[in-house]
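Excluded from the calculations below are hydrogen atoms, water molecules and symmetry mates; all remaining heavy atoms, backbone and side chain alike, are included.
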Amino acid sequence: MTSRRFALSACLALLAASPAAAADRIKVFIDQDTSGPGGTDSISIAMLLLAPNVDVVGIGVVAGDAWLDQAMYHTLKIVELCGRTDVPVAAGSEEPLLNSQQMMERREALWGEKAGDGWHGAWGKEVPPKNVIPPAPGGPPRMKAVDKHAAELLIEMARKYPGELVLYTAGPLTNVALAIRIAPDIVGKIKSVVTMGGHTYVNQRFNFWWDAEAAQIHVRAPWKDKHLTPIDVCHKTMMTKELMGRIVSASTPLSEYLRETYLSPQSNQGIFTYMWDELSAASIIDPGVITKTEPLYIDVDYLPGPGYGKTVWTPANMKPWFADSTWSVQTDIDRVRFENLFVDLMRRPPAKPDAR
């Protein structure tokens, strides 16, 4: 295990040092519903910002796990801690395309609470109301968002980097759906899509459930190359104090933030859970962390009944009328490789802002 970790660290160091590799870095646009401080949303952003083989060209923020003002605060904070204040961050949608808290409450009054862990994101009791922001260690961010909608920023970057851009989505798909409807040409320009959301066998849902209409627009779009990190495979991961213990000795701004967020006496122990978004981000940085995939046709139930937001899938030999190709659905991982990658990235010093 030690030798494998050394090899991974050496590989990351070579990537960071090589000018040729810097020119060939994976260009990524992040769309995220960043709750915080800490947690799967924030930390997946940090992984991509610090990965030496990744060039994050923009971040769009959407409501979901948190209200939009909370999500913007914690996105800007994590970008600052990672030293990438050159990356444009744009606020996106506060509400779904059609769904609403009132509609959700009426569905649940008729058919019972949503499947899974009962997580309702910003509509639930666990999240503070709008305009009440859980403070981040070290105080609020100083950097500001760009003056455009997240959908506009995605369109801009897809057209700026045709055939190069990887779209990473780890929250509700409202911003992405808007971008597709405003500028359908971007679907053909984006190289690859990596989405965290949906489920195959476990009966849990959130990202697709928050805005099922947007999720269906996204999963039915004719992306060239599309990868899904469903909730199922994320259950093979777990954030632990042992993992954080391997990180906090790095003495970087990020590691100090993580120490206070995860390991202080006041830490919320609910933060130690599955590493949903981190795993999906890791599959972009090092595809080798995913050891098995299954080709499936993916759709989303958006009818206003008990199945709202449920992932509907069919095997590769049963092509539905609306689909052009299957999604590569991740089903198994190399957990040791994933955890070592995660620790090595979280220990890296802040990146130097790129000149754009």
Side-chain angles (χ1 to χ4, degrees), residues 1 4-16 21 25-34 38-57 59 78-79 81-82 84 165-171 191-198 207 225-240 242-244 246-247 250 254-255 258 262 271-294 327-348 351:
M1 178 174 170
R4 290 175 70 182
R5 185 178 177 192
F6 174 79
L8 181 59
S9 299
C11 178
L12 289 174
L14 284 171
L15 283 166
R25 287 181 299 170
I26 306 163
K27 290 180 172 58
V28 175
F29 186 96
I30 299 170
D31 195 78
Q32 183 61 276
D33 59 337
T34 318
T40 190
D41 309 315
S42 299
I43 304 310
S44 68
I45 294 174
M47 290 174 68
L48 290 163
L49 289 171
L50 293 171
N53 63 331
V54 170
D55 177 18
V56 176
V57 301
I59 301 174
I78 209 74
V79 172
L81 287 168
C82 292
R84 289 301 309 275
L165 191 64
V166 174
L167 171 59
Y168 166 64
T169 76
K191 178 181 179 181
S192 183
V193 170
V194 178
T195 289
M196 191 283 126
N207 285 351
D225 180 54
K226 44 199 182 186
H227 304 263
L228 186 71
T229 308
I231 292 171
D232 310 61
V233 73
C234 300
H235 285 188
K236 298 175 184 286
T237 69
M238 181 59 65
M239 178 65 78
T240 64
E242 185 274 333
L243 277 179
M244 276 298 151
R246 291 164 58 185
I247 293 167
L254 179 62
S255 70
L258 295 175
Y262 286 83
I271 206 168
F272 293 99
T273 184
Y274 303 117
M275 301 173 72
W276 297 281
D277 297 1
E278 296 98 329
L279 179 61
S280 195
S283 73
I284 298 171
I285 300 162
D286 176 14
V289 303
I290 305 299
T291 59
K292 189 176 179 181
T293 62
E294 183 177 6
W327 284 73
S328 177
V329 179
Q330 300 162 3
T331 59
D332 206 358
I333 67 171
D334 183 333
R335 181 167 172 170
V336 172
R337 182 167 177 163
F338 164 62
E339 290 182 348
N340 286 340
L341 174 68
F342 172 71
V343 170
D344 286 337
L345 290 171
M346 293 297 96
R347 290 181 59 88
R348 291 181 63 82

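- Across every non-hydrogen atom of T331 and K236, the tightest pair is O-CE, 3.1 Å.
- Annotation: side chain of L49 is in contact with side chain of V79 (closest heavy-atom distance under 4.5 Å).
- Contact record, I247 with S255: O-CB, 3.7 Å, taken as the closest heavy-atom pair.
- Heavy-atom minimum distance, Y262 versus G38: OH-C, 3.9 Å.
- Atom OG1 of T34 is separated from atom CD1 of I59 by 7.5 Å, given to the nearest 0.5 angstrom.
- By the 4.5 Å heavy-atom criterion applied to side chains, L345 and P52 are counted as neighbours.
- Between I285 and N53, the closest side-chain pair of non-hydrogen atoms falls below 4.5 Å.
- Looking at heavy atoms from C-beta onward, S283 lies in side-chain contact with Q330 at the 4.5 angstrom threshold.
- A 4.5 Å side-chain heavy-atom check between I30 and I45 finds at least one atom pair inside the cut-off.
- Counting only heavy atoms from C-beta outward, the side chains of M346 and I43 approach each other to under 4.5 Å.
- T229 contributes atom OG1, which lies 9.0 Å from atom CG of D277 (distance to the nearest 0.5 angstrom).
- With rounding to the nearest 0.5 angstrom, the CE atom of M196 is 14.0 Å from the CG atom of D31.
- Interatomic distance, F272 CZ to M239 CE, rounded to the nearest 0.5 Å: 7.5 Å.
- Smallest separation of non-hydrogen atoms from G288 and D334: O-CB, 4.3 Å.
- In this structure the side chain of L48 never reaches within 4.5 angstrom of the side chain of R84, judged on heavy atoms.
- Taking SG of C234 as the start and CE of M275 as the end, the distance is 10.0 Å to the nearest 0.5 Å.
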Stepwise side chain to side chain contact (heavy atoms under 4.5 Å, CB included) test for I290 and V233: CA-CA 10 Å; I290 305 299; V233 73; 5.5 Å; no
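- Residues V329 and P230 form a side-chain contact, since some pair of their non-hydrogen atoms from C-beta on lies under 4.5 Å apart.
- Ring-plane geometry between H235 and Y274 is classed as parallel, the angle between the planes falling under 30 degrees on a 0 to 90 degree scale with a further cut at 60.
- Listed here is the closest heavy atom pair of A282 and M47: CB-CE, 3.9 Å.
- Scanning all heavy atoms of the two residues, the minimum distance from L228 to G197 falls at CD1-O, 3.3 Å.
- Side-chain atoms of N340 and R246 form a donor-acceptor pair, as typed in the model, at a separation below 3.5 Å.
- When atom types are taken as modelled, the side chain of D41 and the backbone of Q32 share no donor-acceptor pair closer than 3.5 angstrom.
- Ion pairing between K191 and D225 fails under the 4.0 Å rule for side-chain N and carboxylate O.
- With no hydrogens or angles considered, no side-chain donor-acceptor pair links E278 and T237 at under 3.5 Å.
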Trace of the side chain to side chain contact (heavy atoms under 4.5 Å, CB included) decision for T169 with V194: CA-CA 6 Å; T169 76; V194 178; over 6 Å; no
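- Once rounded to the nearest 0.5 Å, the distance linking OG of S192 with CD1 of I284 reads 7.5 Å.
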Worked verdict on L243 versus E339 for side chain to side chain contact (heavy atoms under 4.5 Å, CB included): CA-CA 8 Å; L243 277 179; E339 290 182 348; 3.9 Å; yes
Test side chain to side chain contact (heavy atoms under 4.5 Å, CB included) applied to V193 and V166, step by step: CA-CA 6 Å; V193 170; V166 174; over 6 Å; no
